Number of protein chains: 2
Amino acid sequence: MQISSRFSVAVHVLSLLALQEPTDVLLTSERMAGSVNTNPVVIRRILGQLKKAGLVEVRPAAGGTFLARSPVAISLLDVYRAVEVVEEGQLFSVHDKPNPACPVGRTIQSALDHTLQRAQTALEQVLAATTLQQVTTDIQQKAGLLT
Amino acid sequence: MQISSRFSVAVHVLSLLALQEPTDVLLTSERMAGSVNTNPVVIRRILGQLKKAGLVEVRPAAGGTFLARSPVAISLLDVYRAVEVVEEGQLFSVHDKPNPACPVGRTIQSALDHTLQRAQTALEQVLAATTLQQVTTDIQQKAGLLT
DNA sequence: CAGATTGTAACATTAGTGGTTACAATGCTA
DNA sequence: TAGCATTGTAACCACTAATGTTACAATCTG
């Protein structure tokens, strides 16, 4: 059980967009799919979500996708929410309908709820504190694109 | 996509064990299944994992399951690990085999790795900081079992 | 208009989950 | 020892989500 790779692919795609230069060849879903090593339809699906969330702008038919915001203004939490890998407050599945005739059964859900929420929030805060800019800077360093 | 309810069921079961009294009826997997509202086999599977992790002791055939440690000495992280809902450092699935011919493709995995690790660790630290004792105290309060 | 690109549906496959059934193994009691 | 209750585990089933593919309509530009 893992958080879908849809999230990491989305970050990959956004990084490509952030690092594209005006003089570069047009960045089509086909080219992005090549970098990610997947089918272009997969990229288009994700782009649809990112567009809906206001993170990218996509030119229909003519090709060309662009960041709708500065990489500094896009957090990994924004991406996570955009691609809907985890529903709000629903990272942990909690068993349904425990027996209310039993004190533990009656109360376990609410006894756990607060902690599980805090755990999820702690994870999401790390994502919120990380921007696309930081990721792309890291990529550039690792790829030897920075001097 | 959610972390399996196996975890919350395990906490439920451990709470039953923590709150059982010596004078109570024997706590069989059947009775625990009644509280959880599931099939006893489900409980037995989970108990097998908890036993393997050293959190419980189970009497074969004769019935009777007991905590192997004090509730203060059992964290929710122990439970999470015991029931193997998430593999070590594998909460986030990251796409395989991005294209190494592209700088982003070549570096995205390692550029993301550190952040994703931190996010997972943040979640796990909340669980580590929460003991079964705290959960059962909460249960007792909510069920009106404390005066 | 033709070609390139996007957007979306449908299909196929796989893995994991949660529940059930079946039954062997085990331990206790009469 | 036999019978019973309980545990332990395998196999099966149905469902869901994820991931990839194919097909093709809609859109835009030269």
Side-chain angles (χ1 to χ4, degrees), chain A residues 1-10 12-13 16-17 25-34 36-53 56-66 68 80 83-87 90-99, chain B residues 1-10 12-13 17 25-53 56-66 68 80 83-87 90-99:
Chain A
M1 166 273 120
Q2 296 180 285
I3 291 176
S4 164
S5 63
R6 204 157 64 240
F7 171 64
S8 63
V9 172
H12 188 140
V13 163
L16 289 170
L17 293 174
V25 210
L26 197 59
L27 196 49
T28 59
S29 56
E30 185 98 40
R31 297 183 60 81
M32 291 189 259
V36 173
N37 190 16
T38 190
N39 187 289
V41 170
V42 172
I43 302 299
R44 290 186 209 135
R45 278 193 192 126
I46 288 169
L47 282 177
Q49 290 180 306
L50 295 176
K51 177 174 151 190
K52 189 174 162 195
V56 300
E57 289 171 348
V58 186
R59 282 195 312 185
T65 301
F66 309 93
Y80 167 97
V83 294
E84 298 178 324
V85 286
V86 177
E87 233 179 291
Q90 301 288 307
L91 177 59
F92 292 88
S93 174
V94 175
H95 54 295
D96 276 343
K97 295 189 269 297
N99 188 345
Chain B
M1 163 274 123
Q2 296 181 288
I3 292 175
S4 166
S5 65
R6 202 155 67 239
F7 170 64
S8 64
V9 172
H12 188 140
V13 165
L17 294 173
V25 211
L26 198 59
L27 197 49
T28 60
S29 54
E30 185 99 39
R31 297 183 60 81
M32 291 188 258
S35 175
V36 173
N37 190 16
T38 189
N39 189 288
V41 170
V42 172
I43 302 298
R44 290 187 209 135
R45 277 191 192 132
I46 288 169
L47 282 177
Q49 290 179 306
L50 295 175
K51 178 174 151 192
K52 190 173 160 197
V56 300
E57 290 171 349
V58 186
R59 281 195 312 185
T65 301
F66 309 92
Y80 166 97
V83 294
E84 297 177 327
V85 286
V86 178
E87 234 181 290
Q90 299 289 307
L91 175 58
F92 291 87
S93 174
V94 175
H95 54 296
D96 275 343
K97 294 189 271 294
N99 188 344

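Everything numeric here is computed off the predicted structure, so don't read it as measured data. Quick note: numbers below take in every heavy atom, side chains included, and nothing from hydrogens, waters or symmetry partners. Order of the sequence lines fixes the chain letters, A, B, ..., with proteins taken first and strands second; residue numbering starts at 1 for each chain.
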Worksheet entry | Atom pair CD1/OG of Ile46(B) and Ser5(B) - distance to nearest 0.5 Å | 7.5 Å

Worksheet item: Lys51(A) near the nucleic acid: base, sugar-phosphate alone, or nothing, with a heavy-atom cut-off under 4.0 Å?
Response: sugar-phosphate

Discussion item. If I take atom CG in residue Asp96(B) and atom C1' in nucleotide dG20(D), what distance separates them, rounded to the nearest angstrom?
Written reply: 13 Å

Worksheet item: In whole angstroms, how far is the P atom of dT7(D) from the CG atom of Asn39(B)?
Response: 13 Å

Practice prompt. Give a yes/no on whether any side-chain N or O of Thr28(B) is located under 4.0 angstrom from OP1 or OP2 of dT6(D).
Written response: no

Worksheet item: Rounded to whole angstroms, how far apart are CE on Met32(B) and C1' on dT7(D)?
Response: 10 Å

Worksheet entry | Any donor-acceptor pair under 3.5 Å from Ser8(A) side chain to His95(B) backbone | yes

Practice prompt. With heavy atoms under 4.0 Å as the rule, sort Gly48(A) into base, sugar-phosphate or nothing.
Written response: nothing

Discussion item. Taking side chain to side chain contact (heavy atoms under 4.5 Å, CB included) as the criterion, tell me which of Ile43(A), Thr38(A), Val36(A) meets it with His12(A).
Written reply: Val36(A)

Worksheet item: Rounded to the nearest Å, what distance is computed from the CD atom of residue Glu30(A) to the C1' atom of nucleotide dT22(D)?
Response: 14 Å

Discussion item. Using the side chain to side chain contact (heavy atoms under 4.5 Å, CB included) criterion, which residues pair with Lys52(B)? Sequence neighbours excluded.
Written reply: none

Item to complete: For Val41(B), answer base if it contacts any base atom (sugar-phosphate contacts may also be present), sugar-phosphate if it contacts only those atoms, and nothing otherwise; contact means non-hydrogen atoms under 4.0 Å.
Response: base

Worksheet item: Atom CD1 of Ile46(A) and atom C1' of dG20(D): how far apart are they, to the nearest Å?
Response: 12 Å

Worksheet item: So Phe7(A) and Tyr80(A), would you call those rings parallel, tilted or perpendicular, with 30° and 60° as cut-offs?
Response: perpendicular

Worksheet item: To the nearest angstrom, how far is Arg44(A) atom CZ from dA25(D) atom P?
Response: 15 Å

Response to the item:
At a 4.0 Å cut-off to heavy atoms of chain B, the contacted part of DNA chain C spans dT17(C) to dC28(C)

Discussion item. Looking at Arg59(B) and Phe66(B), would you say the former's side chain and the latter's main chain have a donor-acceptor pair under 3.5 Å?
Written reply: no

Response to the item:
By nearest-heavy-atom nucleotide on DNA chain D, the more 5' of Gln2(A) and Leu47(B) is Leu47(B)

Worksheet item: When the nearest nucleotide of DNA chain C is assigned to Thr38(B) and to Ala62(B) on a heavy-atom basis, which residue is associated with the more 5' position?
Response: Thr38(B)

Worksheet, complete the sentence: dist Glu30(A):CD -> Asn39(A):CG (nearest 0.5 Å) comes out at 8.5 Å

Fill in: Under 4.0 angstrom between Ser4(A) side-chain N/O and dT19(D) OP1 or OP2
yes

Worksheet item: Out of dA10(D), dT7(D), dA17(D), which has the shortest distance to the side chain of Met1(B)?
Response: dA17(D)

Worksheet entry | Whole-Å gap separating P (dA17(D)) and CZ (Arg45(A)) | 15 Å

Item to complete: Provide, to the nearest angstrom, the distance between the CZ atom belonging to Arg59(A) and the P atom belonging to dT27(D).
Response: 17 Å

